[in-house]
Every structure is written in C-alpha cells, then in structure tokens.
Amino acid sequence: MATNREALNQQLQQIVNSLKEQGILDNQFGIVHSLKEYNSPFFLAEMIPMFSQNVQTILRDLTRTLEKEPVNYYDLEEYCIKLKGCTSSIGARRMALACVTLRQAVDNKNKDGCDSALNGMRHEYQNLQSSLDIILELERRIVSHQA
Amino acid sequence: MENDNIEEMDVEVLHSMWPEDIGNDAGNQFNMDRPGADQDMLEEHISYGGDKRPISILDGIYDIWQEVPRRRNSVVVQNKRLEIDAEYDTVIYWKQRAVHLEKLLEASVQREHMLMEKVQESIKSLERQSSPVEELSQILKRADNFLHFVLQNAPVVIGHQDKELRYRFIYNHFPSLQEEDIIGKTDVEIFTGAGVKESQEFKKEVLERGLPAKREITFETELFGSKTFLIYVEPVFSKAGDTIGVNYMGMDVTDQVRKREKMMKIREEIAVQKAKETELNKTIHITEETMRAKQMLATMSHEIRSPLSGVVSIAEILATTNLDRHQRQLLNVMLSSGDLVLQLINDILDLSKVESGVMKLEATKFRPREVVKHVLQTAAASLQKILTLEGHVADDVPLEVTGDVLRIRQILTNLISNAVKFTHEGKVGINLYVIPEPSSGNGEGGPQMFIDDQSTVSANIPKEEKCLSPSQSSCTSKGSHTQNHALNDEPIDPINHDDSKQEDKENSHPLETTVWIRCDVYDTGIGIPEHALPTLFKKYMQVSADHARKYGGTGLGLAICKQLVELMGGHMTVSSREHSGSTFTFILPYKVSLISDHSDDPDELSDMADDDASTDDKNAGFFQFHPRTLEMTSLEDTCSVVDAAETLSEPESFKEVDEMGKTSEAPEMCLRLEISERSSQCTSSSSPEEPKSTLKPKILLVEDSKINVMVTQSMMKQLGHTIDVVNNGIEAVRAVQCRSYDLILMDVCMPVMDGLQATRIIRSFEETGNWDAAVKAGIEPSTCSSDSLPNGHDSMTVTKRVPIIAMTANALSESADECYANGMDSFVSKPVTFQKLTQCLQQYLT
C-alpha cells in the first residue's frame with residue numbers, strides 16, 4: 001500500500017516537474033503542495049478545485065466586462081489583480097504572466113489588446129486545467145491511500 | 001716520315017678511358033685506341049670473350065725494324081755461256097778462251113769498282129742518315145717520356161699486376177710508400193683496411209672473367225684515411241691467350257662522391273620543399289576561400305537580418321490585433337521562432353566579426369561595480385525562476401577601469417543567462433577580484449616592455465619622459481589614456497605606487513597601470529559533465545543533443561565569449577561539477593588611471609539609475625537580487641522604476657540588515673527613501689517599540705481571494721501562528737475595532753473597500769483616537785464585545801500603531817508610494833512565501 005502511494009507520489013512529482021520545465025508551474029506550486037503536511041492532507045485536493053472555480057469566475061467576469069460598451073477598464077484592472085493574485089499564489093506561472101499582458105492592455109486602454117490577452121489567458125488556463133485535473137486525481141488517490 | 005714510322009709501330013696498346021669516337025684522327029693516333037687501322041700489323045690481336053674492345057696483348061715480338069726490302073727475285077740474270085769455235089784443247093781454243101775470260105774479268109772488275117763505289121756512297125749516305133735505331137730510340141724515348149708524364153701526373157694510380165696480383169709496375173702510388181714496398185706484393189700485403197680486400201676480390205674477378213670492369217670502392221685505411229676510389233681493371237693476355245695479369249687504374253673520387261651525395265640530398269630537399277609549397281598554396285587557397293565565405297556569410301546575415309526583423313515586427317503588431325486562439329497560437333510560434341533566428345543571426349555576425357578581426361575594441365572608462373549590478377539587475381528583471389542572483393566585487397578592484405565595457409557586459413550577460421538557464425534552484429553569481437598578473441605570458445605587448453620593478457618606480461621622476469613614449473606605443477587601443485597623462489602635470493607620488501596593492505606589474509608610466517581582474521560567474525545548476533568540457537567553447541557545441549533540445553540555444557554564446565575575452569588579451573576557463581554547479585572564469589587586463597577620482601561629485605549621484613546613489617554604494621561590493629516573482633517581463637518606464645526599486649529594495653531591506661557593517665545603513669536608507677521620489681521599502685525603526693507581548697501575537701489577514709487565504713493561513717499555521725481572516729476593508733476595520741492586533745496583513749485590491757482606505761481609517765483612529773473616519777466611510781461603529789484592549793469609542797490617548805503590511809499583486813495602483821502615503825508600513829508582493837512571511841514576522845513582531 002505504501003509503495004502504491006509512493007508510486008502515485010512519484011507520478012505526481014513527475015508531472016509537476018514536467019510542468020515546471022515547461023514553465024507552466026513554478027516553485028510556488030511545490031511550496032503550496034508541501035503545505036498540506038502542516039495543515040490538512042486535503043489541502044491541495046481542496047485548493048485546486050477552488051482555484052479552478054476562482055479562475056473561471058474571473059474569466060467570465062472579464063469576458064463580460066470586455067463585451068460591454070464602453071469597456072470598464074477599472075473593473076478589468078481589478079479582475080486582473082485578483083486573477084494575478086490567485087494564480088501567483090498557487091504557482092501558475094504562465095497564467096500569471098498572461099495576467100501581466102492583460103494588465104498592460106488594460107492600462108493602455110487597448111481593447112484589442114485586452115481581447116487577445118484574454119484569449120491568451122484562456123488558452124493558458126485550459127492548458128493548466130487539464131494538468132491540474134490529473135494532479136487533482138492523483139492527489140485524491142494519494143490522500144485516500146493515506147486514509 | 002716520322003708519321004709513317006709511327007704508323008708502322010706496334011707499341012703496347014694503352015687503352016684510353018675516354019670515349020672512342022671523339023677527337024680527330026690526328027689526336028687519335030696517339031691513343032692507339034683503334035688499332036684497327038693497322039690491323040695488318042696486329043693480326044695476332046684476337047678478342048677474347050666476345051668483347052669487341054681490344055684487349056691488351058703483350059707481344060713478345062717487337063717489330064720495329066723497317067721492312068727490309070725484299071729480294072728482287074723477279075730479276076733474271078742472264079747466264080752468259082762462252083761459245084768458242086776452235087776445237088777443244090787446241091791452241092786457238094785456249095787463246096780464245098783466255099781472251100774471253102780476260103773480258104769477263106774486266107767486266108767483273110768494273111762491276112766491282114762500281115759496286116765499291118756504290119758501297120762507298122751508301123756508307124756515306126748512311127753515315128749521313130741517323131740510324132733507325134737512333135730514330136726509333138728517340139721516338140721511343142719520346143713516347144716513354146710522355147708515358148711517364150701521363151703516368152706521373154695523372155691523378156690516377158696506375159699499376160700492372162700479375163696473375164697473383166702482385167704488383168709489377170706502379171705509378172703514382174701513395175707517396176709514403178716506396179717502390180720496394182709495393183712491387184712484388186699484393187694489395188692486401190701492402191696496406192690494410194676496409195675496401196682493400198674488396199678491391200683485391202674485384203681484380204680477381206676480372207682476372208677470372210676476363211672482362212674489364214670498373215667499380216667504386218670506399219677505402220678506410222690507416223694509410224690514407226677514408227677515400228673513395230673508382231678503379232678500372234682490365235685483364236692482360238699473352239699472345240697465346242693466357243691471362244698473365246691485370247692493368248689497373250684507380251682515381252680518387254672522394255670529393256665527387258661527397259658532392260654527388262650532397263646533390264642528392266639537395267634534390268630531396270627541393271622535392272620536399274616543393275611539396276610543402278604546394279601544400280601551403282593549397283592552404284592559402286583554402287584560407288582565402290574561407291575568408292571569402294565568412295565575409296559572404298556576414299554580408300548575407302546582414303541582409304537577412306533586416307527583412308527578418310521586419311517579419312518579427314509585423315508579427316508583433318499582428319499579435320496586438322484581434323486573433324482567435326488558434327491564430328494566436330500560431331503567431332506565438334512565429335514570434336518565438338523569429339526571435340530565435342534573429343538571435344542566431346546576431347550571434348553569427350558577432351562571431352564572424354570577432355574572428356575576422358574586424359571587431360574594434362573600445363576603451364572607455366567604466367565602473368565595474370555598476371556593470372555587475374546592471375547585469376544582475378537585468379537578469380533578475382526577467383528571471384522566471386526562484387533563484388538568488390548575487391554579485392560580489394572585491395574591495396581592491398578599482399573604482400574605475402578602462403576597457404571595452406560593451407563587450408564585457410555582453411560576456412557577463414551571456415554567462416549569466418547561461419547560468420540562469422541551467423540552474424533551477426539555488427543561486428547564480430558574479431565574483432570580481434584582482435589577481436596578480438598571470439605568469440604565463442600576457443596578451444599585451446605593452447607591459448612587457450617594462451621590466452622595472454616597484455623599487456624603480458619611486459625614482460621615477462627623471463624617467464617620466466622616457467615613459468611617455470613607450471606607453472604610447474603600448475596603448476594600442478587605449479589612446480584616450482595617453483592623452484590624459486600628457487596633460488597631467490602632477491608630480492608622481494611614489495608612495496601611491498608602493499602602497500597600491502593593485503599594481504603587481506607596473507608600467508614605468510607613473511600615471512597608469514594595468515590591473516588584472518578575474519571574474520567568476522558561478523551557479524548551483526546542473527553542472528557540466530567532464531567529457532563535455534574540452535569542447536565547450538567550440539562553436540555550435542552544446543553539452544549534448546538532449547541539452548540542445550531541452551534548453552535551446554545555438555551553442556554560439558560561449559564561443560563568442562571566449563573569442564572576445566581572448567581578443568581583449570585575456571583568458572577564459574571553466575570548472576564544473578555535475579549536479580553541483582559550474583563556474584566560468586575569465587581574466588582580463590584593464591588599464592587603470594591613478595588620477596584620483598572626484599568621487600564626491602554630486603552630479604554623479606543623480607546619474608545612478610537606482611537609489612544607491614551615495615558614495616557608500618559606489619564602493620558597495622555586494623548585491624543580491626531575488627526574482628521578482630512572476631513580474632512583468634516588459635516594462636514601461638514608470639513600471640520599471642517602481643519594479644526596479646522593488647526588486648532592489650525588497651531583498652535589500654531584508655538582506656542588508658543581515659550584512660556586516662551595513663546595519664547602520666538601515667536608518668540611513670529610510671531617511672533617503674523619504675526624500676527620494678523612488679519608492680523603497682522602509683526599514684526604519686520609526687515604528688514605535690511595542691511592548692513585548694508574552695501572549696501569542698494576534699495577526700489579522702485581510703484578503704478576498706480564497707486561494708490566497710488558504711495559502712497564507714496554512715503558511716502561518718506552519719510558522720506557528722493562528723490568524724484571523726476577513727475578506728474586505730470594512731470587515732478589517734470592524735475587526736480592528738473589536739480587537740487589537742499585533743500585525744495586519746492587508747490585501748490592497750479588495751471589493752467593497754480596498755486596503756488603502758481601510759488603512760487610512762485605521763491610522764486615523766490611531767492618530768485621533770476616534771472612528772470618525774470609519775463612520776464617514778459608512779461603517780457603523782461596532783458594538784463588538786471587547787476583550788483585551790477595547791478600541792472602542794472611548795479612546796485611549798495613546799494608541800499603539802499596528803504594523804500594516806500591504807500585500808500586492810504588484811500593480812501600478814498598488815505602488816509602494818500610495819501604500820506609504822496611506823499609512824502602510826511595508827509591503828509584500830504576491831505570491832506569499834515563507835521567506836516573506838518570516839521576515840515580516842521577524843521585523844514587526846519583535
């Protein structure tokens with residue numbers, strides 16, 4: 001049983017490493033992951049869905065705001081900050097970078113720029129989400145093994 | 001007549017060694033080479049052995065007499081018979097007979113007379129004539145003389161040996177030998193040594209074969225040393241055909257042999273040289289071709305670069321337009337490929353410029369510390385990993401040196417970017433320090449000209465003039481320096497020189513010296529395997545194919561660095577340990593001007609791009625940068641100001657306190673920061689000392705993002721603190737109203753009420769003691785049950801100030817400026833890390 005968990009852990013680690021190499025995640029993710037040792041074992045397993053939900057909400061809000069005329073750049077800015085905050089906290093590097101791009105477009109009040117940045121962000125999120133799903137699955141299995 | 005005589009003579013034939021068909025008949029007649037002309041006389045001359053050459057025959061007979069006139073047998077002599085008429089025995093018979101006989105007698109007597117007269121005549125004439133013997137002996141003498149002359153004076157040894165190879169005759173023998181030493185003896189009996197036996201054998205061979213032959217024999221004898229002789233031996237036959245001996249001739253050809261050998265050697269050498277020449281020509285040809293190809297490559301790269309930049313620019317513009325996801329993906333690929341190709345072309349151009357020697361080195365004064373700092377700053381700005389960048393410049397590195405700053409920056413940037421690329425955790429750093437001049441020759445010709453040691457420098461003054469000119473010639477690319485010195489009239493201070501630790505090798509020139517500075521760029525990265533080290537600096541070499549795939553790059557960077565370093569007269573090396581890290585080292589000479597700098601120039605302070613614009617920091621030798629966690633990659637000006645400051649100040653404020661001797665700067669910094677328009681984290685101790693609480697510190701987290709709450713809370717838990725959490729500014733104020741906190745972590749961007757406003761309200765309460773500001777903002781005065789310290793309506797005259805730390809996602813509106821303006825004490829940029837939290841706690845909860 002223990003070895004099974006180890007194998008799962010290893011697998012998880014491999015995925016995380018590969019994501020790190022691609023730049024999708026950075027070390028912050030590892031730190032967050034390790035937090036579960038001091039907190040609850042379900043830490044990561046809870047965090048990931050929360051994160052996903054968070055991001056999806058913000059993305060929705062962003063899209064909606066951009067579609068409105070005239071564009072409310074102030075709101076956009078706020079959403080940007082929010083998104084940046086949570087993506088950087090979990091260690092989703094590429095997404096955070098995409099936030100930067102969006103932020104710039106917002107500052108420039110460049111609607112087209114915002115659109116493309118948002119597209120980029122969505123793209124990054126999709127990339128990340130699929131990997132996060134796998135990680136979540138593994139994490140759940142690991143945790144269940146522990147229990 | 002003489003001629004006739006000679007023609008008729010059959011003298012012993014002496015064969016000439018010269019070709020037979022040369023020479024006119026008159027000359028040839030002495031040679032007797034072709035006795036065929038007088039074949040009738042030499043009818044006994046028979047060739048033996050089928051050889052057409054006449055072989056010498058010793059005739060037993062010397063026909064030297066002239067031919068005796070033959071008896072004339074054709075003359076008939078009449079036999080006169082007397083015919084008498086009388087009868088036999090009568091008187092008349094006898095009378096007649098007597099008369100007849102008387103007549104006959106008379107005739108006879110007459111004849112006798114006549115004959116006697118003739119004889120007398122002949123005798124007289126004969127007497128008058130010289131006797132043939134005399135003539136012949138004269139001729140013989142002449143011939144003999146000539147023979148002797150030839151024999152004696154020809155540079156040949158001539159001899160005749162018998163069947164047993166004993167010498168019968170010898171001419172021109174070696175002077176130290178006497179005739180009696182030779183005649184009757186064989187070669188081997190006369191002298192010994194290498195070659196003697198050989199020549200004897202050779203003669204025997206000729207004897208046996210019966211054919212003349214020649215051979216070159218090298219002798220090594222005590223008699224005449226080492227000589228090479230060409231000997232010609234021919235057998236002598238008797239008329240009967242027996243071999244009775246040999247004639248032999250030996251010529252000293254030692255010199256000729258030597259010359260011949262030399263000639264051969266020379267011919268060999270010439271052949272070798274010709275081969276070399278052809279090779280060299282080929283090489284030259286190839287080199288020319290290569291140069292041309294390189295030039296073409298450079299030109300083409302230039303040509304390619306412009307349209308390619310155009311493509312990339314347009315692609316970038318395209319990126320700002322409305323594109324769907326698929327299009328954007330494609331465009332990103334385009335952009336990254338384009339960038340890569342541009343980079344590659346630039347590298348190629350650089351490399352070919354360096355290699356073709358076209359690159360001109362600049363010589364500008366610059367400050368090494370600045371350069372190091374800038375390079376690290378730039379790297380930190382684009383750093384996407386958690387790495388520590390540090391730079392350390394030794395104290396003895398001069399403030400200002402002369403060199404090609406652009407190239408040096410290029411090298412450093414390249415090395416740092418390599419280090420960062422291959423390091424995933426830990427640190428990357430630059431170490432700069434002075435070293436004594438490397439003993440293994442230096443690239444500069446200049447310093448070599450001066451063998452003066454330090455002691456002579458102090459007595460330098462009279463040498464000054466002499467020094468100027470050599471140093472001028474030594475400054476090949478550093479012309480600016482010599483001008484400086486020409487203008488400088490200051491007397492040389494010998495103490496300066498002696499004390500200066502920088503000068504290990506000095507120019508005689510008093511005002512300028514060369515300093516060798518070593519730069520180590522180290523990292524704690526993946527390292528380089530040993531087998532890859534030798535080819536590391538070669539062009540297009542990567543450590544392995546895997547590496548190339550994983551990490552990208554073209555493999556040109558290190559080659560360029562090495563070329564540049566060597567072009568500047570330096571040297572580059574690398575040392576590494578796999579999985580542990582690598583260190584790239586290069587040493588370069590720099591010229592240093594010893595004229596004291598006006599280091600307190602106030603103008604320079606404002607020039608500095610960062611806020612370390614004090615005399616202290618010009619000498620500051622240590623820098624550290626942490627990654628600006630996930631910050632913007634491209635910066636607008638205002639952004640960069642803030643961010644650069646944040647980069648610097650954040651770690652500095654954390655780090656500098658730890659550094660030796662720099663804690664004193666903390667208050668200084670704070671002071672400066674208040675004045676300076678740049679933002680910087682204030683590490684001032686102006687926050688009032690809080691009474692040490694024995695109770696657990698109460699920490700409030702104001703954060704709207706659930707994720708961040710989770711993370712921060714967990715981290716705090718791990719650090720051993722429990723925290724209260726609220727989700728917006730209003731709740732934060734309420735919380736403060738109810739409870740006093742030792743530390744507040746305030747997110748800036750929040751809905752309902754942001755962190756700035758909340759802070760303002762809290763501060764106003766601290767300052768005024770009432771919550772009017774809160775009421776103004778719409779917060780009803782709370783009716784919370786107060787526990788320890790009610791910050792309720794009844795204010796205490798002295799309210800302690802709670803440290804409020806801003807948590808920013810680093811956006812413009814969250815500029816540190818505003819934070820401080822609104823009353824915040826410090827800020828932490830997201831994401832929150834253990835490090836940051838720990839620092840905060842340490843700082844504000846002591």
Side-chain angles (χ1 to χ4, degrees), chain A residues 17 20-21 23 26-28 30-32 34-40 43 46-48 50-51 53-55 58 74 77-97 99-101 103-108 110-113 115-117 119-120 122-123 126, chain B residues 318-329 331-332 384-387 424-425 550-551 627 629-636 638-639 703-715 717-720 747-751 754 807-814 829-834:
Chain A
N17 282 342
K20 274 196 201 169
E21 261 179 29
D26 63 17
N27 283 342
Q28 178 73 8
I31 295 174
V32 166
S34 66
L35 282 174
K36 76 175 187 180
E37 289 175 19
Y38 272 85
N39 295 278
S40 99
F43 189 68
E46 284 173 354
M47 178 162 249
I48 292 181
M50 214 191 286
F51 170 75
Q53 215 176 20
N54 219 345
V55 170
I58 299 178
Y74 186 69
E77 199 181 320
E78 281 209 10
Y79 293 135
C80 246
I81 295 172
K82 266 219 199 82
L83 192 57
K84 183 132 188 284
C86 67
T87 49
S88 58
S89 283
I90 203 175
R93 193 179 131 248
R94 279 241 200 114
M95 276 206 70
L97 289 177
C99 285
V100 170
T101 319
R103 185 59 195 281
Q104 279 175 335
V106 166
D107 291 338
N108 291 334
N110 175 358
K111 178 158 193 302
D112 288 337
D115 278 328
S116 61
N119 278 329
R122 274 200 219 103
H123 168 71
Q126 264 162 19
Chain B
L318 205 60
T320 63
T321 64
N322 214 349
L323 297 170
D324 68 35
R325 196 183 60 147
H326 185 56
Q327 287 172 322
R328 186 155 293 280
Q329 251 178 329
L331 195 64
N332 283 338
Q384 306 294 352
K385 315 183 206 187
I386 309 273
L387 292 175
H424 301 307
E425 57 185 2
K550 239 204 263 178
Y551 295 99
T629 49
L630 313 180
E631 296 317 327
M632 321 178 195
T633 45
S634 66
L635 310 165
E636 292 172 352
T638 40
C639 249
E703 170 67 61
D704 66 319
S705 157
K706 278 195 279 255
I707 307 269
N708 290 337
V709 166
M710 267 184 86
V711 171
T712 314
Q713 202 167 20
S714 311
M715 282 187 183
K717 207 160 146 190
Q718 197 159 330
L719 291 172
D747 184 23
V748 175
C749 260
M750 288 182 293
D754 66 56
M807 298 211 300
T808 77
N810 250 315
L812 261 182
S813 65
E814 302 169 345
S829 67
K830 291 193 200 157
V832 171
T833 60
F834 273 116

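Here is the naming used below: chain letters follow the sequence lines, and residue numbers restart at 1 for every chain. Source: prediction; values computed, not measured.
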Legend entry - Heavy-atom check, side chain of B:His424 versus side chain of A:Glu21, under 4.5 Å: no
Legend entry - pair A:Asn27-B:Lys385: side-chain heavy atoms closer than 4.5 Å: no
Legend entry - Option that, when pairs with chain B are counted at under 4.5 Å, heavy atom only, ranks first among A:Asn119, A:Ile31, A:Leu35, A:Asp112: A:Leu35
Legend entry - Pairs of heavy atoms under 4.5 Å with chain B: top-ranked of A:Gly113, A:Ala117, A:Cys99, A:Gly85: A:Gly85
Inset, instruction - Under 4.5 Å heavy-atom distance to chain A, tell me which part of B:Gln329 shows up: side chain, backbone, both or neither. - result: side chain
Legend entry - Side chain / backbone / both / neither for B:Ser714 at chain A, heavy atoms under 4.5 Å: both
Inset, instruction - Measure across A:Met47 and B:Val711 and return the closest heavy-atom pair with its distance rounded to 0.1 Å. - result: CE-CG2, 3.0 Å
Give, for atom [atom1] of [X] and atom [atom2] of [Y], the distance between the pair rounded to the nearest 0.5 Å.
{"X": "A:Gln104", "Y": "B:Thr320", "atom1": "CD", "atom2": "OG1", "value": "12.0 Å"}
{"X": "B:Asn708", "Y": "A:Ser89", "atom1": "CG", "atom2": "OG", "value": "3.0 Å"}
{"X": "A:Ile81", "Y": "B:Ser705", "atom1": "CD1", "atom2": "OG", "value": "12.5 Å"}
{"X": "B:Met750", "Y": "A:Lys82", "atom1": "CE", "atom2": "NZ", "value": "10.5 Å"}

Inset, instruction - With sequence neighbours excluded, tell me which residues meet side-chain hydrogen bond (donor to acceptor under 3.5 Å, both in side chains) with B:Arg328. - result: A:Ser116
Legend entry - Results of side-chain hydrogen bond (donor to acceptor under 3.5 Å, both in side chains) for B:Asp704 - residues two or more places apart only: none
Inset, instruction - May I have the step-by-step check of side chain to side chain contact (heavy atoms under 4.5 Å, CB included) for A:Met50 and B:Met710, ending in yes or no? - result: CA-CA 10 Å; A:Met50 214 191 286; B:Met710 267 184 86; 3.0 Å; yes
Inset, instruction - May I ask you to check whether over 12 heavy atoms, not counting those of B:Lys706, lie within 6.0 Å of atom NZ? - result: no
Legend entry - Greater than 12 external heavy atoms within 6.0 Å of B:Phe834's CZ: yes
Legend entry - Interchain contact, A:Gln53 with chain B, by part (heavy-atom threshold 4.5 Å): neither
